[in-house]
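For reference, the structure is listed below as structure tokens.
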Amino acid sequence: MTVKKDDAGRRAAAQHAVVEHLRLTAAGHTEEWVELFTPDAVLEFPYAPDGVPKQVTGRDALLAHMRGFPETFDVEFDDVVFHDTVDPSLVIAEFHSKGTALPTGKPYEQTCISVVRVDDDALITHYLDYWNPLVAIEALTPRNVPSDSDRGVTFGG
């Protein structure tokens, strides 16, 4: 494969979009965060638990989905590792989140892998987010709820 002269710049811009996604999510700046996405972007959660959509499409829906996140989780993202891809507009990122589930005060620590595609302007067109729903459910379940109860989770939209 021949590497195009601008591939390094495109790859850096795509990775920057993911870093900004993490920064703005952690800061709770959902109005700025949604501007990282194209108007018809897709945010996909293959392992979403009951109560959380598996796919959200379009900026308005993305904003509605994430609007409650700052009141649900106080998190920081770290240990971001980018895995090389042949396509410079495709990013595979592995990272950790550490924080607190605000409704319960319980710790929230998650390991995530995201597969992200951006357009020529480095706007996110598709964000495939792999995270463990059991970690979220445990963090959002009040301490007085028995571990064998039928638990679900609601956050986001």
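No experiment lies behind these values; they were computed from the predicted model shown. Values reported hereafter were calculated over all heavy atoms of this structure, with side chains retained and with hydrogens, waters and symmetry mates removed. FYI, the numbering just counts along the sequence from 1.
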Inset, instruction - Give a yes or no on whether the ring-centroid distance for H96 and F77 is below 6.0 angstrom. - result: no
Rounded to the nearest 0.5 Å, how far apart are [atom1] of [X] and [atom2] of [Y]?
| X | Y | atom1 | atom2 | value |
| --- | --- | --- | --- | --- |
| L24 | L36 | CG | CG | 5.5 Å |
| E76 | S97 | CD | OG | 10.5 Å |
| E32 | R23 | CD | CZ | 6.5 Å |
| T38 | H126 | OG1 | NE2 | 10.5 Å |
| Q15 | E20 | CD | CD | 13.5 Å |

Does the side chain of [Y] come within less than 4.5 Å of [X]'s, by heavy atoms?
| X | Y | value |
| --- | --- | --- |
| F69 | T25 | yes |
| L90 | V115 | yes |
| T85 | V91 | no |
| W33 | L62 | yes |
| F95 | L22 | yes |
| P103 | L140 | yes |
| K106 | T100 | no |
| H65 | P53 | yes |

Are [X] and [Y] joined in one hydrophobic group, where the rule is that I, L, V, M, F, W and Y side chains link up if heavy atoms are under 4.5 Å apart?
| X | Y | answer |
| --- | --- | --- |
| V19 | V34 | yes |
| I124 | I92 | no |
| L128 | Y47 | yes |
| Y127 | V42 | no |
| Y108 | L102 | no |

Legend entry - P88 versus A14, closest heavy-atom pair with distance: O-CB, 3.6 Å
Legend entry - Nearest non-hydrogen partners of D40 and T57, listed with the distance: O-CG2, 3.9 Å
Inset, instruction - Start with the C-alpha distance between S89 and R10, add both sets of side-chain angles, then the distance that settles side-chain contact (heavy atoms from CB on, under 4.5 Å), and finish with yes or no. - result: CA-CA 6 Å; S89 65; R10 290 179 63 209; 3.8 Å; yes
Is there a donor-acceptor contact under 3.5 Å from the side chain of [X] to the main chain of [Y]?
| X | Y | value |
| --- | --- | --- |
| T104 | A139 | yes |
| N132 | L134 | yes |
| D6 | G9 | no |

Enclosure of [X] [atom1] (heavy-atom neighbours >12, cutoff 6.0 Å):
| X | atom1 | value |
| --- | --- | --- |
| D60 | CG | no |
| K98 | NZ | no |
| D120 | CG | no |
| Q55 | CD | yes |

Inset, instruction - Indicate whether any N or O donor in one side chain lies under 3.5 Å from an N or O acceptor in the other, for Y130 and S114. - result: no
Inset, instruction - Walk me through it: do R117 and D87 pass the test salt bridge (Lys or Arg N to Asp or Glu O under 4.0 Å)? - result: CA-CA 9 Å; R117 185 166 296 282; D87 181 349; 2.7 Å; yes
Legend entry - Stepwise side-chain contact (heavy atoms from CB on, under 4.5 Å) test for E31 and L63: CA-CA 7 Å; E31 297 283 340; L63 187 58; 3.8 Å; yes
Inset, instruction - Hey, can you tell me if W131 and F45 have their rings parallel, tilted or perpendicular (30° and 60° cut-offs)? - result: perpendicular
